[in-house]
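See below for the structure under consideration.
Quick note on labels: first sequence line is chain A, next is B, and so on, each numbered from 1. Values reported hereafter were calculated over all heavy atoms of this structure, with side chains retained and with hydrogens, waters and symmetry mates removed. Every value quoted in this text rests on a predicted model; they were computed, and no experiment measured them.
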2 protein chains.
Amino acid sequence: MSDGIGLAVSAVIFALRPHRESGEQVLHLPLVRRLRAPFDDHWALPGGWVDEAESLADAAARTLEATTSLRPAYLEQLYAFGEVERSPDARVVSVVYWALVRSEEVARTRVGQNVRWFAADDLPTLAFDHNRIVDYALWRLRSKVEYAPVAQSFLGETFTLAELRGVYEAILQRPLDPANFRRQMAASDEVEPTGEFTTTGRHRPAQLFRSKAAPTAPSPWRAS
Amino acid sequence: MSDGIGLAVSAVIFALRPHRESGEQVLHLPLVRRLRAPFDDHWALPGGWVDEAESLADAAARTLEATTSLRPAYLEQLYAFGEVERSPDARVVSVVYWALVRSEEVARTRVGQNVRWFAADDLPTLAFDHNRIVDYALWRLRSKVEYAPVAQSFLGETFTLAELRGVYEAILQRPLDPANFRRQMAASDEVEPTGEFTTTGRHRPAQLFRSKAAPTAPSPWRAS
DNA sequence: GCAAAAGTGTTAGACTTACACCCATGT
DNA sequence: ACATGGGTGTAAGTCTAACACTTTTGC
């Protein structure tokens with residue numbers, strides 16, 4: 001039986017936060033500062049060892065909450081990274097998950113000395129192979145948002161189409177036509193109108209929508 | 001550090017072989033008969049433990065060749081299965097790969113007493129959670145063939161468009177219009193004409209094509 | 001010539017994109 | 001009134017599916 005191989009989980013956690021200067025919504029992710037070798041003082045993805053009594057998805061959710069006190073609205077396995085030289089000295093296989101959290105949740109993050117949010121497109125040099133992992137997670141998010149209803153997970157129970165469009169635009173980094181976006185959402189079965197309307201705003205009230213069908217796709221089986 | 005968790009690899013190996021009766025090309029995969037508990041005498045996916053000195057992809061390729069003496073034309077990670085109760089008695093995390101092999105290769109498979117090819121759509125009850133794994137691999141293959149150039153991996157260096165179309169039809173289990181298929185292939189950058197033509201066949205000779213660009217996509221990094 | 005598969009042309013419909021324009025609200 | 005974003009209409013362009021038709025071989 002295999003031995004001497006450490007089995008870990010890590011998480012790439014995406015949330016939308018306003019950019020420091022421009023104020024526009026931008027993808028961010030929380031990183032943890034390492035306090036020991038290897039890569040002492042480098043920033044790294046939140047993670048930890050897999051316990052014998054928990055599934056991989058549970059381990060990811062646990063370690064995610066432990067380091068950031070966040071609970072994800074969406075959690076999916078990204079990839080198992082198992083190159084021999086990923087970690088100096090030790091042999092570690094990391095099963096990496098990616099997660100989306102609501103903006104409301106983010107507000108109550110425990111922002112300790114050693115946990116910080118970074119703009120996803122402007123990261124420092126991370127520990128291990130974590131830069132590549134983030135790149136891959138970003139690619140996956142941007143691909144998946146085009147064919148699966150994941151963007152909703154950034155928002156609350158109900159939302160306007162403008163808010164949802166804002167999420168898409170932040171992820172894809174390009175403007176979308178409001179008229180066409182509306183029709184595409186109507187055509188897809190992703191959202192349904194609630195009948196409620198917003199009252200705020202110095203303009204015509206917008207209808208509120210909610211997510212409709214649970215995420216589709218024969219993914220192996222629903223994570224946590 | 002994690003301990004007491006076995007780390008294994010398994011492989012879902014697809015090849016096209018003529019159906020026993022109809023003679024049509026059908027997706028097949030090789031299974032291995034288990035010779036000990038648990039699931040003694042059940043059929044299972046080829047697999048084995050990960051060695052400390054090899055990457056996950058290498059482990060998959062090694063175990064794949066060890067049990068079937070096949071070398072894949074395509075190899076990609078499918079998923080890491082890590083539920084607690086996957087295996088009775090022991091805790092095992094399996095990183096599963098899926099592979100495509102050329103029909104020529106298949107001819108020289110070592111078909112021992114304990115290795116047998118099964119039609120992918122007509123499997124017995126397998127050991128562990130292997131039926132679900134195969135279902136997921138099938139879904140992945142059928143999805144991926146629609147947007148990525150993987151079908152070529154079932155064929156040799158050169159092939160006619162009719163042969164390639166046959167591969168698509170076998171995977172997708174529906175007929176494709178030859179005229180439209182030709183144009184779609186021409187539009188995509190997947191294949192290019194060689195200038196050579198077939199001579200066999202009691203009909204107009206067909207031009208031979210070859211695969212063009214290597215598989216695309218920011219997959220994490222190229223496996224083996 | 002005839003059958004069979006290779007390969008080309010053509011058209012109807014679906015979907016995408018761009019953008020003009022009207023609607024309902026706060027100030 | 002008018003600025004602002006919500007929401008509808010519409011037409012051009014692109015992509016897809018279906019199928020008629022011509023080409024080139026073996027028998």
Side-chain angles (χ1 to χ4, degrees), chain A residues 16 18 22-25 142-143 145-149 151-152 155-156 158-210 212, chain B residues 18 23-25 142-143 145-149 151-152 155-156 158-210 212:
Chain A
L16 290 176
S22 68
E24 285 176 12
Q25 294 267 293
R142 292 191 168 126
S143 305
V145 80
E146 307 221 54
Y147 66 87
Q152 291 93 316
L155 301 172
T158 63
F159 44 83
T160 67
L161 288 185
E163 289 169 340
L164 185 58
R165 179 164 48 82
V167 174
Y168 275 82
E169 290 176 335
I171 297 171
L172 299 175
Q173 298 181 299
R174 70 183 148 91
L176 299 176
D177 185 301
N180 296 332
F181 181 80
R182 164 178 305 274
R183 273 182 291 251
Q184 281 159 12
M185 283 302 124
S188 78
D189 258 16
E190 302 187 13
V191 298
E192 63 186 357
T194 64
E196 307 269 316
F197 286 79
T198 55
T199 54
T200 74
R202 57 183 176 296
H203 53 74
R204 175 172 174 178
Q207 187 162 190
L208 287 168
F209 291 75
R210 78 167 67 86
K212 208 171 163 187
Chain B
E24 284 175 13
Q25 295 267 294
R142 290 187 170 129
S143 305
V145 80
E146 307 221 55
Y147 67 88
Q152 291 92 317
L155 300 171
T158 64
F159 44 83
T160 67
L161 287 184
E163 288 169 340
L164 185 58
R165 179 166 48 85
V167 173
Y168 274 83
E169 291 177 335
I171 296 172
L172 298 175
Q173 296 180 300
R174 69 183 149 90
L176 299 176
D177 184 301
N180 296 332
F181 182 81
R182 164 178 304 274
R183 273 183 290 251
Q184 283 160 9
M185 285 300 126
S188 78
D189 258 16
E190 301 187 14
V191 298
E192 64 185 357
T194 64
E196 307 268 316
F197 286 79
T198 55
T199 54
T200 73
R202 58 182 176 298
H203 54 74
R204 176 171 171 178
Q207 188 162 189
L208 286 168
F209 290 75
R210 78 166 67 84
K212 207 170 165 187

Would you mind reading off the distance between B:Gln207 atom CD and C:dG7 atom C1', rounded to a whole angstrom?
11 Å
Would the base of D:dG5 count as contacting A:Arg165 through its side chain, where contact means a donor and an acceptor less than 3.5 Å apart?
no
Counting only side-chain N and O atoms of B:Gln184, is one of them less than 4.0 Å from OP1 or OP2 of D:dC15?
no
Counting side-chain heavy atoms from C-beta on, which of D:dG6, C:dA24, D:dT24 comes nearest to B:Arg204?
D:dT24
Please give, in whole Å, the distance from D:dA18 C1' to B:Arg174 CZ?
14 Å
Would you state whether a donor and an acceptor, one from the side chain of A:Arg202 and one from the base of C:dT27, lie under 3.5 Å apart?
no
B:Thr194 side chain to B:Leu208 backbone, donor-acceptor under 3.5 Å
yes
Could you check how far CG of A:Leu164 sits from P of D:dG7, rounded to whole Å?
13 Å
Regarding A:Ala179, tell me which of base, sugar-phosphate or nothing describes its non-hydrogen contacts under 4.0 Å with the strands shown.
base
Below 4.0 Å: OP1/OP2 of D:dG7 and any side-chain N or O of A:Arg182:
yes
To the nearest Å, how far apart are B:Phe181 CZ and D:dT16 P?
14 Å
Distance from A:Arg165 atom CZ to A:Leu172 atom CG, nearest 0.5 Å?
12.5 Å
Using the closest heavy atom to pick a nucleotide of DNA chain C for each, name whichever of A:Asn180 or A:Thr200 lands nearer the 5' end.
A:Asn180
Atom CZ of A:Phe159 to atom P of D:dG5: distance rounded to whole Å?
20 Å
Is there a donor in the side chain of B:Arg210 and an acceptor in the side chain of B:Gln152, or the other way round, less than 3.5 Å apart?
no
Exercise: identify the closest heavy-atom pair between A:Lys212 and A:Asp189
CB-O, 3.3 Å
Nearest to the side chain of B:Arg183, which nucleotide is it out of C:dA24, C:dG9, D:dG6?
C:dG9
Is the centre of the B:Phe159 ring less than 6.0 Å from the centre of the B:Phe209 ring?
no
Round to a whole Å and report the spacing from CD of B:Glu196 to P of C:dA6.
17 Å
If you pin A:Asp177 and A:His203 to their nearest nucleotides in DNA chain C, which one's is more 5'?
A:Asp177
